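A short write-up of the structure that comes next.
Chain A is the first sequence line, chain B the second, and so forth, proteins listed ahead of strands; every chain is numbered from 1. Here the structure is a predicted model, which is why all the values come from computation and not from measurement.
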Amino acid sequence: MLAKLRISKLVSYTLPRRIFERRFLVTNNAFSKAEESTVVTGESPELPSWVKDFLSNKPSSSSVSNDDEDFVIPSLASWVESQKFNSKQVSEGNVVKKPMEDIDKVCEFLNKKDASYGNVFNELSKCDVVVTESLVLQVLRRFSNGWNQAYGFFIWAKSQTGYKHSAQSYNAMVDVLGKCRIFDLMWEVINEMKRSEESGLVTLDTMSKVMRRLAKSGKYSEAVDAFLGMEMSYGVKTDTNAMNSLMDALVKENSIEHAHEVFLKLFDTIKPDARTFNILIHGFCKARKFDDASTMMDLMKVTEFTPDVVTYTSFVEAYCKEGDFRRVNEILEEMRENGSNPNVVTYTIVMHSLGKSKQVAEALGVYEKMKEDGCVPDAKFYSSLIHILSKTGRFNDAVEIFEDMTNQGVARDVLVYNTMISAALHHSRDEMALRLLKTMEEEACSPNVETYAPLLKMCCHKKKMKLLGILLHHMVKNDVSIDVATYILLIRGLCNSGKVEEACLFFEEAVRKGMVPRDSTCKMLVEELEKKGMAEAKLKIHSLVQSKTQDSHSPLSVA
DNA sequence: ATAGGGTTAG
C-alpha cells in the first residue's frame, strides 16, 4: 500500500512537477533545513557533534574554524604521528588510556620513512605483536596497494614461531602482488605455496585471482598459459568451471578475442556449459559484435543449451548502450515469449540507460512495470534509481528513495551509499555527505576507495585541508588502501587549487610506494611548479620520476 | 563471479 503510493507520487512528479518546483524554488537554507528533518540525511540547524569531530580532528571541539585553508596537511607517511597526537588528546581528557592495537603498531613500523628502501623485516623485529591470521589479512588489506610493505610484513610474519600462513593469507598476498603488477614475485609466492608441507594450498581460487590480474594488465596470453599449465604445475583441475573462470577474466578485462580463441581451442577437450556460452555472448555484446553474439547463441542452441535470462540480458544491455530502445523492447518481448521473463537485473539496465539518455519519465515507467511484474527491487536497482534522479536534478526524490529503501526491506550497501554521497556532493550538500559516511559506520557497512574519492575531491576543490587530512586518516582506520587513482585525484585536485606544496608531498609519497602517476599528471605538477618559480621542487620531481621508471620496483632486501 | 554502478571534466 505504502509502496504503491510512493510510486504514483514519484511518477506524478514527471508531469505536473508542482511539488518539485516548489521545493526547487526555495534555495534558502533555513527553509530546506526546516522541511527535511529526516533521520539519515537531514541537515540540522545546529552542527551535530560528530560533524564537529570530523571537522576538528579531536573529540568535542568547540568550534569549526574557517581558516582550514592554511592548515598544512602532513604527508601520508606521518599519519602515525597524527595518530599519536590523537590518542594523546584522548588520554588527556579521559583517565583510561586506550592501548594501541596490534594493527596500528604494525602500521607504525611499516610507515617508517626508510622502511620501503631498507629492511621492513628488520624493522618489524622490534615490533611487539602476536601474529594471527586475522591480523595478516587486515594488514594485507590495509596495504593492498603497497606491495613492498605488505610483502615485507608477510615474510616477517612467516618467521614468527607458532604462526603459519593459511591458504587465505597466501591467496591475499598473491592478489596484492597481482594488483600491484609484481608478477615475478607473485609466482614466487605461488611456488612456495606448492612446496609447502601443507598440500593443496594452490586452488582454483588462487589461480582465478592470478588469471584476473594478468588479464587486467593486458597480459592475456599469460593468463591463458597460466590456465593451461595449472594442472601440471599445481594440480588445479582444468575443468569446465575453471575454463569459465578464465574466459570470464578475459571478457571482463576486454579481450573477447582471447576468450573466443580459448573456446575454439578447447572445445573438444573441455565441455562447455550454458555459462560458457553466456560469458562469450556477453563478451561479444560488450564489444558490439552483434553478429558474433548471435552466431554464438545459435551454436548454444545446437549444443543442447537454451538461451536464458542472462543470455537475453546481455543483448538488452548492448542495445541499450546503442540507444536502440525499439530493439530493446523487441528483445524484452522475445524473452517473455520464450519463457525467460526479464528480472531485476534486466530492468535495472533498461531503467538506467533510459535515465542516462534523459528519458526520465520512461525510466520511471520501467520502475512501475517492474513492480507490476512482481519483480522485487534490490540494492543495485535502488542505486541506479537514486543516481538517475539525482543526475536529472531531482535530488529530493533521490533522498526520499534512499530513505524509503529500508522500509521496503532492502538493506543499503556500499554502492548505494557511494551513489548517495556522490549525489549529495554534486548538489553541494557537503554536510549530508559526511553524515552519510558516518551512518555507514553505524550500519557496519564498510566504505571502499570509491566512497572517499568524491569527498577527497571536494576537499581539494574547496581547499578544506583539515577535513582532507581527517578523511585520509579515516581511510586508513577503515583499512582502505590508497591507490594510484586516489593519488592522481589528490595531485590534480591540489594543483588546481594552487596547493602545489601539498601536491608534491603526495607525489613523493606515491613514488615512494612504487606508484608512478601518468605523464599527464607529472606534467601538470611540473608546469604548476614552473609557474610558481619553484625550480628546486621541480628538479626533485624530475629525478623522482626518472629513478622510478628505470627500475619500476626496487627489490626488497629481506633476509 | 554468467548479466547490473560510478569514476571525470573546466
Exercise. Can we call the ring centroids of A:Y382 and A:F402 under 6.0 Å apart?
Worked result: no
Exercise. How would you label the contact of A:N496 with the nucleic acid (heavy atoms, under 4.0 Å): base, sugar-phosphate, or nothing?
Worked result: nothing
Problem set entry | NZ/NE/NH1/NH2 to OD/OE distance under 4.0 Å, A:D373 and A:K369 | yes
For this session: Looking at every strand, decide which applies to A:V251 at a 4.0 Å heavy-atom threshold: base, sugar-phosphate, or nothing.
Result: nothing
Problem set entry | Separation of B:dG5 P from A:I401 CD1 (nearest whole Å) | 19 Å
Exercise. Between A:N478 and A:H474, is there a donor-acceptor pair closer than 3.5 Å when you use the side chain of the first and the backbone of the second?
Worked result: yes
Exercise. Think A:K356 has a side-chain N or O under 4.0 angstrom from the OP1 or OP2 of B:dG5?
Worked result: no
Seminar exercise, completed: Separation of B:dG5 atom P from A:N448 atom CG, nearest Å, is 16 Å
For this session: Check every atom of B:dG4, B:dT2, B:dT8 against the side chain of A:D308 and return the nucleotide holding the closest atom.
Result: B:dT2
Seminar exercise, completed: The correct set of residues in residues 276-296 of chain A placing a heavy atom under 4.0 Å from DNA chain B is A:N278, A:I279, A:H282
Exercise. Below 6.0 angstrom between ring centroids: does that apply to A:H426 and A:F395?
Worked result: no
Exercise. Taking the side chain of A:V309 as its heavy atoms from C-beta onward, which of B:dA3, B:dG4, B:dG5 lies nearest to it?
Worked result: B:dA3
Exercise. What is the nucleic acid contact for A:F381, judged by heavy atoms within less than 4.0 Å: base, sugar-phosphate only, or nothing?
Worked result: base
Problem set entry | Nearest-angstrom distance from the residue atom CD of A:E317 to P of B:dT2 | 16 Å
Exercise. Within the structure shown, what part of the strands sits under 4.0 Å from A:N244 by heavy-atom distance: base, sugar-phosphate, or nothing?
Worked result: nothing
Exercise. Can you tell me how far C1' of B:dA3 sits from CD1 of A:I331, to the nearest Å?
Worked result: 13 Å
Problem set entry | A:M230 backbone acceptor or donor facing A:S233 side chain under 3.5 Å | no
For this session: Find the distance A:I421:CD1 to B:dT7:P and express it as a whole number of Å.
Result: 13 Å
Exercise. A:T276 and side-chain hydrogen bond (donor to acceptor under 3.5 Å, both in side chains): which partner among A:T240, A:N244, A:N241, A:T303?
Worked result: A:N244
Exercise. Closest to the A:V344 side chain: B:dG4, B:dT7, B:dT2?
Worked result: B:dG4
Exercise. Which of the following nucleotides, B:dT7, B:dA3, B:dG4, is nearest to the side chain of A:T313?
Worked result: B:dA3
For this session: Round to a whole Å and report the spacing from OH of A:Y487 to P of B:dT8.
Result: 18 Å
Exercise. Rounding to a whole Å, what distance do you find between A:L385:CG and B:dG5:C1'?
Worked result: 13 Å
For this session: In whole angstrom, give the distance that lies between atom CG of A:L425 and atom P of B:dT8.
Result: 11 Å
For this session: Please answer whether the main-chain N or O of A:C460 pairs with a side-chain N or O of A:S497 as donor and acceptor at a distance below 3.5 Å.
Result: yes
